[in-house]
Enquirer: 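Have a look at this one before I ask anything.
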Amino acid sequence: MHHAGRPDHPGGPGPPPEIAFPIPHPADGSPEIGYWPMQKAGPAIKAYREASDRIDPELRYELGELIDALDGWYSAWADGEGSFWWAEDTSVFFSVVG
């Protein structure tokens, strides 16, 4: 899928134009695959919960799904600190396509 005019992916693949901010993608991956450092998930979950009553009602279900998913991943990561599999630089990977 090509979206012309995106400053982060001009004329190339990437998230739909309705997403008005750049989404980082892995250097060796597709622009449709985004990533987010796990350390930032906790503060984001808190901010999303605090702002959820100010979000367009038509988007609240999706925001709730995002919050629940991030919370599950973040909780498992935070609770696993010190485990053999735990890594400080863990990231959440996601796909955003229109």
Side-chain angles (χ1 to χ4, degrees):
M1 175 175 285
H2 293 277
H3 299 289
R6 287 298 307 249
D8 49 336
H9 301 290
E18 295 82 13
I19 297 177
F21 53 89
I23 296 175
H25 59 87
D28 296 333
S30 168
E32 289 89 7
I33 306 286
Y35 72 96
W36 201 7
M38 191 63 78
Q39 298 91 332
K40 294 184 179 185
I45 294 163
K46 181 179 179 195
Y48 289 152
R49 283 192 173 126
E50 290 174 359
S52 64
D53 63 337
R54 297 186 302 270
I55 300 298
D56 183 332
E58 292 183 19
L59 300 175
R60 286 186 190 154
Y61 174 80
E62 286 83 2
L63 179 60
E65 292 291 305
L66 175 63
I67 291 169
D68 290 346
L70 283 175
D71 194 22
W73 297 325
Y74 180 77
S75 295
W77 176 79
D79 291 346
E81 187 170 356
S83 299
F84 72 92
W85 57 264
W86 189 88
E88 184 176 359
D89 62 349
T90 299
S91 293
V92 174
F93 289 82
F94 54 89
S95 175
V96 179
V97 290

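What's counted below: heavy atoms across the whole structure, side chains too, no hydrogens, waters or symmetry copies. Worth saying up front: this structure is predicted, and the values here are computed from it rather than measured.
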Enquirer: Who passes side chain to side chain donor-acceptor pair (under 3.5 Å) against E88, sequence neighbours left out?
Expert: none

Enquirer: Using the side chain to side chain contact (heavy atoms under 4.5 Å, CB included) criterion, which residues pair with A76? Sequence neighbours excluded.
Expert: none

Enquirer: Can you measure from OH (Y74) to NZ (K40) and round to the nearest 0.5 angstrom?
Expert: 13.0 Å

Enquirer: Under 3.5 Å, side-chain donor or acceptor atoms of residues 65-73 against the rest of the protein: list the pairs with distances, not counting sequence neighbours.
Expert:
{"residue": "E65", "atom": "OE2", "partner": "Y61", "partner atom": "OH", "Å": "3.4"}
{"residue": "D71", "atom": "OD1", "partner": "S75", "partner atom": "OG", "Å": "3.3"}
{"residue": "D71", "atom": "OD2", "partner": "R49", "partner atom": "NH2", "Å": "3.0"}

Enquirer: Which residues pass the side chain to side chain contact (heavy atoms under 4.5 Å, CB included) test with D56, sequence neighbours left out?
Expert: E58, L59

Enquirer: By side chain to side chain donor-acceptor pair (under 3.5 Å), which residues pair with R60, not counting sequence neighbours?
Expert: none

Enquirer: Which atom pairs, donor and acceptor, lie under 3.5 Å between side-chain atoms of residues 77-85 and protein residues at least two apart or in another chain?
Expert:
{"residue": "W77", "atom": "NE1", "partner": "A87", "partner atom": "O", "Å": "3.0"}
{"residue": "W77", "atom": "NE1", "partner": "T90", "partner atom": "OG1", "Å": "3.4"}
{"residue": "S83", "atom": "OG", "partner": "G80", "partner atom": "O", "Å": "2.9"}

Enquirer: Looking at every non-hydrogen atom in both residues, tell me the closest pair between P37 and S91 and how far apart they are.
Expert: CA-OG, 3.9 Å

Enquirer: Once rounded to the nearest 0.5 Å, what's the spacing between atom CE of M38 and atom CH2 of W86?
Expert: 10.5 Å

